[in-house]
Amino acid sequence: MVVGKMKFTFQKRVKLAQGLWLLSWMATLGGAVTFTLGCFLKTELRRRGEVMDNTDIHCVPNTLMIVGLASMGINYFASRICQDALDPGRFPRWKTFLKPYFGCSIFFTTLMLISVILSYAMKGSLETSLKIGLKNGIRFYKDTDTPGRCFQKQTIDHLQMEFQCCGNNDYKDWFEVQWISNRYLDFSSKEVKDRIKSNVDGRYLIDGVPFSCCNPSSPRPCIQSKITNNTAHYNYDHQTEELNIFIHGCREALVNYYMGLMNTIGAVVLSVFLLQSSVLASVRLLQTALEAVAGQENVEIETEGYLLEKGVKETFMEYVDPVLNLLLLNQVTPSETKPEAGTTTTS
């Protein structure tokens, strides 16, 4: 059963070729936008690479950049095909090229759709990566003299100020780590000695946060130490002083930021995918409509164009069967093809 069959007069074929030329250049621009968005997302992810535990999330921008470049190439050739379609003498030279062209186009268009799905489905991986990465970032905050961690403090401080967040889950995460380096502690002080002795691991833990957690919108000067001690500050109740420091965790802020970014990119790329699909369908209709003109003296005759010569299932199996047969042949071992030693064959 033929799928998507349509009749085309000469005028309709000309209009299809002209409209497809314009559509293909629009899709080329869409491919450039897709590539640019992939580069932008890649840059944003690399900026926060120090607070991410793995790079699985980078498959989204990498895929976007690949399909963006491929889309520009595919649609450039589509525009050339449209130009030659207006000349029956020049179009036949594309005949051998069109089958691999459609194969590559379908592959990269499908990959574009997969990148859209990934942009919505990577939230779990992103959240896990940030959870571990931020936890390590907070733990190594004090290691400004350690090679490889020298800029960890700067990264965390900038992050907390930019996204107006504090800690991993919330500001209390800073209470569980020693974020002040030993070089800035007075070990002759009784308070310091008592805090270190009271901790099993010998760490200096305080109910305080770095300056970058301070909320500039707070009407009172920032209270970043002895946060839970109401008697240490005049007219203070840490349960109600929510504006004094940022109370939301950076993981939540970053997940919301990146998911908002990827959802927006996904919507744009989905529009490009629909445009790309329209180009492929139009090229296929133009190709099949012009094949009937080949060898005809009158090039202005009415022809039929279609998307698939057979049904979807039959077309799919036509391409899948050779692959399956090849896999089955590779699975046959030599012992299965040769008779065992000591056996005889009968005629």
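Not measured: the values here are computed from a predicted model.
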When you look at M161 and F211, which way does the side-chain contact (heavy atoms from CB on, under 4.5 Å) test go after all the steps? CA-CA 9 Å; M161 289 186 290; F211 77 97; 4.1 Å; yes

Applying side-chain contact (heavy atoms from CB on, under 4.5 Å), run through F102 and R284 and close with a yes or a no. CA-CA 8 Å; F102 281 118; R284 177 61 175 169; 4.0 Å; yes

For side-chain contact (heavy atoms from CB on, under 4.5 Å), just list the numbers for F140 and T146, CA-CA rounded to whole Å, side-chain angles, deciding distance to a tenth of an Å, and then say yes or no. CA-CA 9 Å; F140 301 139; T146 305; over 6 Å; no

What's the verdict on side-chain contact (heavy atoms from CB on, under 4.5 Å) for K153 and K142, showing C-alpha distance, side-chain angles and the deciding distance? CA-CA 7 Å; K153 176 184 179 299; K142 63 177 174 35; over 6 Å; no

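In this structure, CE on M112 lies 13.0 Å from CD1 on I117, to the nearest 0.5 angstrom. Considering CE of M122 and OG1 of T128, their distance stands at 10.0 Å, rounded to 0.5 Å. Note that SG of C165 is 12.0 Å distant from CD1 of I245, once rounded to the nearest 0.5 Å. With rounding to the nearest 0.5 Å, the separation of CD1 in I132 from NZ in K135 is 8.5 Å. Note that CZ of R13 and CG of L20 are 14.5 Å apart. Values are rounded to the nearest 0.5 Å. Rounded to the nearest 0.5 Å, atoms NZ (K131) and CG (L254) are 15.5 Å apart.
At distances below 3.5 Å, at least one donor-acceptor pair connects side-chain atoms of S79 with backbone N or O atoms of Y76. Using a distance-only test at 3.5 Å, with no hydrogens or angles considered, a donor-acceptor pair links the side chain of Q178 to the main chain of Y204. A donor-acceptor contact shorter than 3.5 Å is absent between the side chain of Q160 and the backbone of C250. Of the possible polar contacts, none joining the H233 side chain to the I227 backbone as a donor-acceptor pair under 3.5 Å is found. Counting only distance, with no hydrogens or angles, the side chain of D170 and the backbone of G249 share no donor-acceptor pair below 3.5 Å. Here the side chain of N244 pairs a donor or acceptor atom with the backbone of I223 at under 3.5 angstrom.
In plain terms, the two heavy atoms of Y236 and N230 that are nearest each other are O-CB, 3.6 Å. Across A232 and K226, no two heavy atoms sit closer than the pair CB-CD, 3.9 Å. Closest approach of A78 to V283, counting heavy atoms only: CB-CG2, 4.2 Å. Minimum interatomic distance between V67 and T34 (heavy atoms only, all atoms of both residues): CG2-CG2, 4.0 Å. The two residues D157 and P210 come nearest to each other via the heavy atoms OD1-CB, 4.1 Å. Nearest approach of S282 to L23, heavy atoms of both residues: OG-CD2, 4.4 Å.
Within the structure, every pair that satisfies the side-chain hydrogen bond (donor to acceptor under 3.5 Å, both in side chains) test and touches residues 255-275, not counting sequence neighbours, is listed here: E44-Y257. Sequence neighbours left out, not one pair with a member in residues 105-119 passes side-chain hydrogen bond (donor to acceptor under 3.5 Å, both in side chains). For residues 57-72, every residue pair satisfying the side-chain hydrogen bond (donor to acceptor under 3.5 Å, both in side chains) rule, not counting sequence neighbours, is listed here: K42-H58, K42-N62, S71-N75, S71-Q276.
Placement of F151 and I156 in two distinct hydrophobic clusters is found when ILVMFWY residues are connected by side-chain heavy-atom separations under 4.5 Å, directly or transitively. Hydrophobic cluster membership differs between I106 and M72, with clusters built from Ile, Leu, Val, Met, Phe, Trp and Tyr side chains linked at under 4.5 angstrom. In the hydrophobic cluster analysis, where Ile, Leu, Val, Met, Phe, Trp and Tyr join through side-chain heavy atoms closer than 4.5 angstrom, M65 is grouped apart from L270. Both Y184 and I196 belong to a single network of hydrophobic side chains, linked directly or stepwise wherever heavy atoms of I, L, V, M, F, W or Y lie under 4.5 Å apart. L69 and L275 are not part of a single hydrophobic cluster, where members link through side-chain heavy atoms under 4.5 Å apart.
Residue F187 places its CZ atom among more than 12 non-hydrogen atoms of other residues, nucleotides or ligands, all under 6.0 Å distant. Counting non-hydrogen atoms of neighbouring residues, nucleotides and ligands closer than 6.0 angstrom, the CE atom of M259 exceeds 12 such neighbours. By the 6.0 Å contact criterion, OH on Y120 is enclosed, its count of non-hydrogen atoms from other residues, nucleotides or ligands being greater than 12.
Looking only at side-chain heavy atoms (C-beta outward), F35 and L64 stay at 4.5 Å or farther from each other. Side-chain atoms of V279 and I74, non-hydrogen and from C-beta on, never get closer than 4.5 Å to each other. Counting heavy atoms from C-beta outward, M262 and L41 have side chains that approach closer than 4.5 Å. F163 has its side chain out of reach of H248: every pair of non-hydrogen atoms, C-beta onward, lies at least 4.5 Å apart. Annotation: side chain of N215 is not in contact with side chain of Q164 (no heavy-atom distance under 4.5 Å). Proximity of W179 to I206: side-chain heavy atoms (C-beta onward) are separated by under 4.5 Å at one or more points. Within the 4.5 Å cutoff, side-chain heavy atoms of M52 are placed close to those of L126. Counting heavy atoms from C-beta outward, Y171 and F246 have side chains that stay 4.5 Å or more apart.
Counting only N and O atoms by type, the side chains of S129 and D53 include no donor and acceptor under 3.5 Å apart.
With sequence neighbours left out, the disulfide (SG to SG under 2.5 Å) criterion links C222 to C214. Shown here are the ring-ring contact (aromatic ring centres under 6.0 Å, His included) partners of Y141, two or more places apart in sequence or in another chain: W174. For N168, the side-chain hydrogen bond (donor to acceptor under 3.5 Å, both in side chains) partners two or more places apart in sequence, or in a different chain, are R251.
Under a 4.0 Å N-O distance rule, the pair E191/R195 qualifies as a salt bridge. Salt bridge status for E162 with R48: present, with a side-chain N to carboxylate O gap under 4.0 Å. One finds a salt bridge joining R183 and D145 here, because a Lys/Arg side-chain nitrogen approaches an Asp/Glu carboxylate oxygen to under 4.0 Å.
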